[in-house]
Every structure is written in C-alpha cells, then in structure tokens.
Protein chains: 2
Amino acid sequence: MMPFKEMTRLDKLIHEPARLAIMSALDACTMAEFLFLQELTGLTKGNLSSHLSKLEKAGYVAISKQFVRKKIPHTTIRISHEGKTALHNYWEQLDRIREVTKQWQKKGI
Amino acid sequence: MMPFKEMTRLDKLIHEPARLAIMSALDACTMAEFLFLQELTGLTKGNLSSHLSKLEKAGYVAISKQFVRKKIPHTTIRISHEGKTALHNYWEQLDRIREVTKQWQKKGI
DNA sequence: TTAACCAGTTTGTATTATAAACCAGAGCGG
DNA sequence: CCGCTCTGGTTTATAATACAAACTGGTTAA
C-alpha cells in the first residue's frame with residue numbers, strides 16, 4: 001500500500017551496485033576466483049577486496065585461500081545459502097515495490 | 001554480455017533508496033507537497049530536504065515555494081522531464097542487466 | 001641483485017546519508 | 001504582552017563507506 005517507505009528498507013549490503021554485481025556474478029557461477037571476479041565486475045583489487053570482506057562478515061559469501069604449489073595465493077569465493085536467499089529476497093522486494101508503484105501511477109495517487 | 005560491469009554504472013543519484021522512493025512517488029503523483037512527500041517516504045524533514053536539493057541540482061525535480069496567506073511556507077515539488085526519463089532509464093537498465101544475468105545463470109558461465 | 005610482477009590487503013581520503021540542532025513565523029494560554 | 005508550542009522547513013555535524021593509492025610478501029626474469 002505504501003511502497004515508498006519499503007524502498008528505504010532494501011538490504012543496503014546488496015543494494016550497493018558493486019556488491020550487487022559481485023553477488024549476481026556469484027549467484028550465476030556459485031564459485032569464482034578473485035581475479036575472475038575482478039574481471040567480471042571491473043572493480044579494482046582493493047575495492048573488490050573490501051566489498052568481499054563486508055559480504056563475508058555478513059555471511060553472504062565464504063572466502064577460502066589456497067596456495068598453488070604452496071606458494072602463490074589463490075582466493076576462491078563462493079556464495080552462501082544465506083547469500084542466495086538474501087539476493088533473491090532483494091529482487092523480490094524490489095519487484096513487489098515496483099509493482100505497487102505502477103498501481104499507484106494508474107490510480108493517479 | 002558482461003552485465004556486472006554495467007551495474008556499477010547505474011545512476012547513483014536515482015539508485016539511492018531514499019531518492020528512488022522520492023522519484024517513484026513523484027513519478028506517480030507528478031507533483032507533491034513537501035509534507036506529503038515526507039509522509040509517503042517516511043524520511044525525516046532534514047533528510048528529505050537534502051535529498052531534494054540534490055535532485056534539484058541534477059535537474060530531476062523542480063521545487064517551488066509558495067506562501068499561504070503570505071506567511072506559511074508551502075513547498076511543492078514536481079518531477080521534471082529529465083527526471084522522468086532518468087527514472088525510466090534506470091529501471092530499463094536494471095531490467096536489461098537482470099535479464100542478461102538470468103541468461104548467465106542458465107548457461108552456467 | 002635488482003627489477004618487474006602476481007595476488008591481494010591496508011591505509012587514507014573524499015563523499016554522503018542521516019539525524020540533530022536550528023530558525024522564522026503563527027497561534028494559543030494566561 | 002510574554003512565553004510556549006506548533007508548522008514547515010534549512011543548516012550543521014557526524015558517522016559510515018565507496019573508492020583508489022600505497023603497501024606487503026613472495027616469484028620469476030635479466
């Protein structure tokens with residue numbers, strides 16, 4: 001009935017474009033390497049790193065570091081179950097809001 | 001083909017939830033009074049004021065102040081043509097990105 | 001040995017969303 | 001008339017945060 005208030009309650013962690021890109025990519029790939037993710041999103045390394053740790057802290061992704069030939073670090077990121085549901089909820093919420101907004105437009109307030 | 005990079009180029013002025021709410025409300029109502037807008041969005045006065053001036057500076061809304069009985073201020077906000085197209089472009093861009101993202105999911109990278 | 005490179009992390013900065021404080025006038029109560 | 005509160009906002013302050021630049025620790029190349 002009042003979709004506009006709902007908008008301000010969108011999950012900000014997912015809403016941020018960079019993280020929305022990361023989460024969407026991971027939702028498609030399930031798992032990805034750091035550099036691959038960087039290429040997909042076009043983010044700088046530092047940027048990607050900090051966004052990832054925010055997502056990790058929220059439990060939306062799991063980050064694991066392997067060492068190739070015991071030397072070169074290789075970070076792989078995978079989306080968690082919570083992450084998937086959070087992303088889907090986000091889109092659903094946005095859809096719902098948008099649908100109601102369209103109704104409003106037809107009614108003319 | 002690479003929808004994730006596109007996400008980081010979404011119009012940030014519109015993307016911000018508070019302003020998305022404002023713009024959506026105005027898109028539906030065409031014109032609204034300050035206090036009505038505040039009620040619709042649930043924002044505090046200060047918050048709404050600062051978001052509005054950002055939107056005004058961008059040319060997305062036009063703000064005009066009348067004085068009722070020459071004394072009490074009454075601010076009415078209306079969405080501009082640019083504002084409407086910017087909002088529509090935003091949704092279109094988001095839809096397009098989302099569509100391509102779904103394709104990716106089906107293909108499995 | 002030094003230079004360049006890989007794979008990231010940490011630090012710094014500049015922006016900005018939000019709330020709190022403020023302001024000017026209006027309409028009371030006493 | 002003098003405070004007091006209400007209306008309708010604006011300005012200021014702060015806390016978060018997006019982003020890039022600088023850094024780290026190890027590796028290969030010259």
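Computed from a prediction, not measured in an experiment: that's the story for all the values here. Below, read A as the first sequence line, B as the second, and so on, with proteins coming before strands; counting in each chain starts at 1.
- Atom C1' of nucleotide D/dT7 and atom NE2 of B/His74 are separated by 9 Å, given to the nearest angstrom.
- Using five terminal pairs a side, the axes of the helix from C/dT1-D/dA30 to C/dG30-D/dC1 at its two ends make an angle of 20°, given in steps of 10 degrees.
- Nucleotide D/dA18 holds its C1' atom 13 Å from the CG atom of A/Leu13, rounded to whole Å.
- No hydrogens or angles considered: nothing links the side chains of A/Thr101 and B/Ser24 as a donor-acceptor pair under 3.5 Å.
- Distances from the side chain of A/Asn47 to the nucleotides D/dT10, D/dC19, C/dT18 place D/dC19 closest.
- Here the side chain of A/Pro73 is nearest to one of C/dT9, D/dA20, C/dG8, namely C/dG8.
- Regarding A/Leu43, its CG atom lies at a distance of 16 Å from the C1' atom of D/dA21, rounded to whole Å.
- In this structure, A/Leu48 reaches neither bases nor backbone, as no heavy-atom distance under 4.0 Å exists between it and the strands shown.
- Considering only heavy atoms from C-beta on, A/Asp27 comes within 4.5 Å of A/His88 through its side chain.
- Evaluation of the side chain to side chain contact (heavy atoms under 4.5 Å, CB included) rule for A/Thr30 yields no partner, not counting sequence neighbours.
- Distance B/His51 NE2 to D/dT11 P: 16 Å, rounded to the nearest Å.
- In this structure a side-chain-to-backbone donor-acceptor pair under 3.5 Å is missing from B/Glu33 to B/Leu35.
- Counting non-hydrogen atoms under 4.0 angstrom, B/Thr75 reaches the backbone sugars and phosphates but no base.
- One atom, NZ of B/Lys65, and another, P of C/dA24, lie 15 Å apart when rounded to the nearest Å.
- C/dG8 atom P lies 10 Å from atom CD1 of A/Ile63, rounded to whole Å.
- Along DNA chain C, the nucleotide nearest A/Glu33 and the nucleotide nearest B/Gly46 are compared for position; the residue whose nucleotide lies closer to the 5' end is A/Glu33.
- In this structure, the nucleotide among D/dG9, C/dA17, C/dT9 sitting nearest to the side chain of A/Lys45 is C/dT9.
- Using a 4.0 Å heavy-atom criterion, one finds that B/Ser50 contacts the bases of the nucleic acid, with or without backbone contacts as well.
- Nearest heavy-atom pair, A/Arg19 versus A/Lys54, reported as atom, atom and distance to 0.1 Å: NH1-CD, 3.6 Å.
- Comparing D/dG9, D/dA18, C/dG8 against the side chain of B/Leu35 picks out D/dG9 as the nearest.
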For side chain to side chain contact (heavy atoms under 4.5 Å, CB included), just list the numbers for B/Ile79 and B/Tyr60, CA-CA rounded to whole Å, side-chain angles, deciding distance to a tenth of an Å, and then say yes or no. CA-CA 6 Å; B/Ile79 193 169; B/Tyr60 287 177; 5.9 Å; no
